[in-house]
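First up is the structure itself, then whatever we jot down about it.
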Amino acid sequence: MSIKFLIKIRYLMQIIHISDLKNYIGQEVTLRGWLFNKRSGGKVRFVILRDGTGYLQCVYFKGNVTEDTFDAADRTGQESSIEVTGKVKEEPRAAGGYELDAKGLTIIQNANNYPITPKDHGIEFLLDNRHLWLRSKKQVAILKIRHRIVKAIRDFFDDRGFTLMDTPILTPNAVEGTSTLFETKYFDLGSAYLTQSGQLYAEAGAMALGKVYTFGPTFRAEKSKTRRHLTEFWMVEPEAAFFDLNDNMDLAESFLEYIVQTVLKEMKNELGILERDTSKLENVKKPLPRISYDEAIEILKKNNVKLEWGKDISGADETIISNQFDRPVIVHRYPAEIKAFYMKRDPENPKIALAMDVLAPEGYGEIIGGSQREDDLDQLLERIKEHNLPQEAFEWYLDLRRYGTVPHAGFGLGLERTVSWICGLDHLREAIPFPRMIYRNTP
RNA sequence: UCCGCGUUAGCUCAAUGGUAGAGCAUUCGGCUGUUAACCGAAGGGUUGUAAGUUCGAGUCUUACACGCGGAGCCA
């Protein structure tokens with residue numbers, strides 16, 4: 001065969017992805033990707049190809065292929081980049097149902113000694129190799145579900161008249177004045193802090209656009225060392241004018257239902273790879289149970305846990321409460337003292353803030369926190385004093401109450417906690433591609 | 001910051017105070033349907049660091065370093 005002829009064949013060959021195999025049964029195709037794993041018989045070689053869209057077993061029989069090709073199948077290492085050609089066929093013995101009756105194997109780059117072998121590894125090693133760990137089956141499934149959740153979040157708000165509004169990451173002050181923030185030098189203006197929430201800015205947006213949401217990274221410099229904390233995480237925060245606490249809870253409820261039901265419907269394969277028991281996710285439908293903080297204390301009392309009125313609900317207590325229900329539970333009307341300065345007081349009881357948290361089932365804890373905001377100028381001024389916050393830093397925020405203030409509300413949903421819950425992960429660090437934790441900022 | 005646990009081959013882990021071991025990975029050989037394939041062989045070690053107890057320390061003691069889990073804080 002002349003070189004010209006080979007080039008012609010090369011151009012005629014259809015280059016496809018594994019996810020499209022079903023449309024090419026019986027046809028000769030080319031696929032490109034990485035060698036996921038391989039096995040061998042005496043005169044047969046099984047090469048598992050992955051290309052980001054799926055996995056495909058390519059079968060090389062000695063005699064059916066050239067010596068060179070058969071040797072190539074032998075000497076190609078795990079995660080080598082390769083190009084394969086062959087005929088697509090249905091094959092119940094192969095995982096995925098399709099197989100490639102392979103003819104050609106081109107090694108783009110032969111990888112030697114890939115660190116993540118097909119056996120167990122410790123978490124430290126895997127995190128050190130996070131850039132490679134992302135290639136493994138479960139991590140690919142998690143990344144895809146995370147992407148689908150992000151898309152569901154955006155679709156949900158976009159379809160309901162919310163406008164995406166990005167808020168600054170570098171901010172001049174602490175939003176709630178409590179959390180420890182990452183500090184950085186900012187030219188001649190002194191210090192700037194990495195944002196811990198876009199909410200105050202989103203409130204300005206809600207007064208401009210009616211309904212907005214902000215979706216971006218947030219940062220907490222707390223020295224938290226648990227499976228529920230990262231120092232850098234993503235949060236989506238809707239904020240709507242003329243919303244009260246009930247509207248806010250209605251929105252959160254529809255929102256969670258939409259996200260979970262969308263993932264259940266469209267990500268069956270990935271949930272299967274993660275071996276997620278989806279029966280508990282099926283229940284995530286309106287209406288979600290709503291209980292007050294006072295009722296939460298009663299539930300704890302029945303379970304022999306004493307919680308003094310005015311104290312915050314701990315992680316363990318959250319689990320006890322959420323175990324009483326078969327779906328996420330909304331807890332509302334917390335003691336004002338343990339909540340942020342901008343939350344509106346209950347007109348019926350000034351000791352209570354019109355706050356709401358949503359606790360995920362199965363011990364995943366708080367995934368949503370929100371409130372109706374204080375819209376009265378004098379009340380807000382008083383709160384700022386009580387919390388010892390510098391009023392001048394909040395003048396712009398107070399302007400929102402001076403010029404056409406209206407009742408409004410919003411909440412924040414932690415993306416990684418949501419991904420972790422829906423995927424059934426045991427640690428937040430697998431819910432984000434490159435986790436940032438107190439003792440790790442690499443790779 | 002506090003409490004608990006851990007650190008042995010590239011990776012995951014064994015080893016009663018008495019010669020440092022296995023599986024995976026790597027290299028070589030075998031097998032025509034493998035599914036974390038399997039079978040045979042080989043190479044691979046300053047047992048986290050420093051000191052101490054002991055005839056003898058991977059093992060016991062102390063300090064330090066690093067990591068993991070939990071508490072607090074929060075999404």
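In what follows, every chain begins at residue 1, and chains take the letters A, B, ... in the order their sequences are listed.
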message: Given B/A36, B/U34, B/U32, identify the nucleotide with an atom nearest to the side chain of A/Asn37.
response: B/A36

- line: By nearest-nucleotide position on RNA chain B, the 5'-leaning member of A/Met235 and A/Arg93 is A/Arg93

query: Base, sugar-phosphate, or nothing: which does A/Thr218 touch, judged by heavy atoms less than 4.0 Å apart?
result: nothing

field: Nearest-angstrom distance, C1' atom, B/C66 to B/A50
entry: 15 Å

- prompt: Out of B/C73, B/U32, B/A75, which nucleotide sits closest to the side chain of A/Glu222?
  reply: B/C73

- request: Assign A/Arg440 to base, sugar-phosphate, or nothing according to its heavy-atom contacts below 4.0 angstrom with the strands shown.
  value: nothing

task: Using a 4.0 Å heavy-atom cut-off across all strands, classify A/Ile368 as base, sugar-phosphate, or nothing.
output: sugar-phosphate

message: Please classify the nucleic acid contact of A/Glu99 as base, sugar-phosphate, or nothing, using heavy-atom distances under 4.0 Å.
response: base

Partner of A/Phe325 by side-chain contact (heavy atoms from CB on, under 4.5 Å), out of A/Ile299, A/Leu359, A/Asn283: A/Ile299

query: Touch check for A/Phe125, heavy atoms < 4.0 angstrom, all strands: base, sugar-phosphate only, or nothing?
result: sugar-phosphate

- line: Winner on side-chain proximity to A/His427, out of B/G69, B/G72, B/G33, is B/G69

message: If I pick the C1' atom on B/G52 and the same atom on B/A57, what distance separates them, to the nearest angstrom?
response: 11 Å

- prompt: Closer than 4.0 Å, any side-chain N/O of A/His229 to the OP1 or OP2 of B/G72?
  reply: no

- prompt: Quantified in whole Å, what is the P atom distance between nucleotide B/G40 and nucleotide B/G23?
  reply: 9 Å

field: Between B/U12 and B/U1 - P atom distance, rounded Å
entry: 28 Å

Touch class at under 4.0 angstrom, heavy-atom based, for A/Asp312 against every strand present: sugar-phosphate

query: Out of B/U32, B/C68, B/A71, which has the shortest distance to the side chain of A/Ile123?
result: B/C68

message: Can you measure A/Phe70 atom CZ to B/C31 atom P for me and round it to whole angstrom units?
response: 10 Å

Touch class at under 4.0 angstrom, heavy-atom based, for A/Tyr439 against every strand present: sugar-phosphate

query: Using a cut-off of 4.0 Å on non-hydrogen atoms, how would the nucleic acid contact of A/Ile48 be classed: base, sugar-phosphate, or nothing?
result: nothing

statement: Per atom distances to the A/Arg45 side chain, the nearest of B/U34, B/A75, B/C31 is B/C31

task: For A/Gln57, report the nucleic acid contact type (base, sugar-phosphate, nothing); a contact means any heavy atom under 4.0 Å.
output: base

- request: Select one nucleotide: of B/C74, B/A75, B/U34, the one nearest the side-chain heavy atoms of A/Arg228.
  value: B/C74

query: With distance as the sole criterion, is a donor-acceptor pair present between the side chains of A/Thr76 and A/Asn110 under 3.5 Å?
result: no

- request: Let me know the distance between NZ of A/Lys223 and P of B/C73, rounded to the nearest Å.
  value: 17 Å

- request: Report which part of the nucleic acid A/Arg75 touches: base, sugar-phosphate, or nothing (heavy-atom distance under 4.0 Å, all strands).
  value: nothing

- prompt: Mind checking the C1' distance from B/G58 to B/A20? Whole angstroms is fine.
  reply: 9 Å

query: Taking atom NZ of A/Lys280 as the centre, does the number of heavy atoms from other residues, nucleotides or ligands within less than 6.0 Å exceed 12?
result: no

- prompt: When rounded to the nearest Å, what value does the distance between C1' atoms of B/U26 and B/G44 take?
  reply: 9 Å

- line: For B/G21, the nucleotide meeting Watson-Crick or G-U wobble distances (both under 3.5 Å) is B/C13

statement: Of all heavy-atom pairs linking A/Thr117 and A/Gln78, the shortest is CA-OE1, 4.0 Å

message: Measuring from the side chain of A/Leu230 (C-beta onward, heavy atoms only), which nucleotide among B/G72, B/A75, B/C31 has the closest atom?
response: B/A75

query: Is any side-chain N of the basic residue among A/Arg146 and A/Glu430 closer than 4.0 Å to the acidic one's carboxylate O?
result: no

- prompt: Taking OP1 and OP2 of B/G69, is either one under 4.0 Å from a side-chain nitrogen or oxygen of A/Arg429?
  reply: yes

message: I'd like to know if A/Lys344 pairs up with A/Glu374 as an ion pair, taking the criterion as any Lys NZ or Arg NE/NH1/NH2 lying under 4.0 Å from an Asp or Glu carboxylate oxygen.
response: yes

- prompt: Looking only at side-chain N and O atoms, does A/Arg220 come under 4.0 Å of OP1 or OP2 in B/G72?
  reply: no

query: Does any donor atom in the side chain of A/Glu203 or A/Tyr342 lie under 3.5 Å from an acceptor atom in the other side chain?
result: no

field: Side chain of A/Thr117 (C-beta onward), nearest among B/G33, B/C24, B/A75
entry: B/C24

- prompt: Where the side chain of A/Pro118 is concerned, which of B/G33, B/U32, B/A25 is the nearest nucleotide?
  reply: B/A25

- request: Using a 4.0 Å heavy-atom cut-off across all strands, classify A/Asp120 as base, sugar-phosphate, or nothing.
  value: base

message: For A/Asp158, is there an ion pair with A/Lys151 - N to carboxylate O distance below 4.0 angstrom?
response: no

- prompt: So which nucleotide does B/A41 pair with, by the Watson-Crick or G-U wobble rule with both distances under 3.5 Å?
  reply: B/U27

query: Hey, does A/Gly122 reach any base, or is it just sugar-phosphate, or nothing, if we go heavy atoms under 4.0 Å?
result: sugar-phosphate

message: Closest-nucleotide mapping onto RNA chain B: is A/Ala316 or A/Ile367 further toward the 5' terminus? I mean the 5' end.
response: A/Ala316

